[in-house]
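Contents: one structure, followed by commentary.
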Amino acid sequence: MHSRLSREFYQQDVLKLAKALLGKVFVRIDSGKRLAGMIVETEAYLGIPDKAAHTVGGRQTIRNQSMWEDGGILYVYFTYGMHHCMNVVAQQSNEPVAVLIHALEPLEGLRSMYPRRNAARKDQQLCSGPAKLCQAMNISKDQNGIDLVTNTNLWIEDHQIKVSGKQIASGPRIGVQYAQDWADKPYRFWIKDHCCVSK
DNA sequence: AGAGTGATCATG
DNA sequence: ATGATCACTCTC
């Protein structure tokens, strides 16, 4: 029960993975405490052709190196001088595609999330955005490049929560207006009517 | 609707 | 070396 997701799971097509991760449970051991949240919103970044992706045109930089690694590696980046965002790398090495974790429903360790989330007044505000959930789960560039298949402090579990295709909504990704013809592609996925998706 | 914040990137 | 940008969040 509650088995950890395997390498093969992460190596599937990035759009399929973005949908398959909905309902899975992200687990983080932070200072010996278990933090957990169910993934309720994701965004797929399709790599070299994707004008919204950090790896557009085959860009390979120090920042995005993790995206070039094998499926199951974590890609954490820092932006706007303030925020961290967390991605799960999909497919195979040298296919620089990833799924941005956009929102979680907090399940365990809420008491230790609140002090890091000054603006949060309700549980559903703790992890309802890509940078919010990194703050709540205490994720920073220190976790960039870790392997979710083998790491002892960070992984994703299957709790056998069934999310059917009917429960999944899709729409344009957030914050990628600059991406021209890729800006409107419906690569954002969320669980319909879930209280913890980003606003 | 606007500010905050500094790493990152392309250019040269 | 420099300047523009940014897969965001908060408060007004």
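In this text the structure is predicted, and so the values were computed from the model without any measurement. First the proteins, then the strands, lettered A, B, ... as listed; each starts at 1.
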Would you check if A/Y75 and A/H54 make a side-chain contact, meaning some heavy-atom pair closer than 4.5 Å? yes
Taking the side chain as C-beta and beyond, is there a heavy-atom pair between A/L22 and A/M38 under 4.5 Å? no
Could you tell me whether A/D181 atom CG has more than 12 heavy atoms of other residues or ligands within 6.0 Å of it? yes
For atom NZ of A/K33, decide whether the heavy atoms of other residues, nucleotides or ligands shown that lie under 6.0 angstrom number more than 12. no
Whole-Å distance between B/dC9 C1' and A/Q65 CD? 16 Å
Verdict with reasoning, A/I73 to A/L148, per side chain to side chain contact (heavy atoms under 4.5 Å, CB included): CA-CA 6 Å; A/I73 300 299; A/L148 295 167; over 6 Å; no
Nucleotide by nucleotide, 5' to 3', does protein get under 4.0 Å of the base (B), only the sugar-phosphate (S), or neither (-) in nucleotides 1-12 of chain C, counting heavy atoms? -----BBBSS--
Scan A/K141 against the nucleic acid and name what it touches under 4.0 Å (heavy atoms): base, sugar-phosphate only, or nothing. sugar-phosphate
If you measure from the Lys or Arg side-chain nitrogens to the Asp or Glu carboxylate oxygens, is any gap between [X] and [Y] under 4.0 Å?
X: A/D50; Y: A/R173; value: yes
X: A/K19; Y: A/D13; value: no
X: A/E157; Y: A/R34; value: yes

Between residues 11-27 of chain A and DNA chain C, which residues have a heavy-atom gap below 4.0 Å? none
Are A/V149 and A/W155 linked, directly or through intermediate hydrophobic residues, by side-chain heavy-atom contacts shorter than 4.5 Å (ILVMFWY only)? yes
Write out the stems for DNA chain C, ordered by first number and formatted as range with range, counting runs of at least 3 consecutive Watson-Crick or G-U wobble pairs under 3.5 Å. B:1-4 with C:8-11, B:6-11 with C:1-6
For the aromatic rings, using the six-membered ring if either is Trp, is the centroid distance between A/F78 and A/H83 under 6.0 Å? no
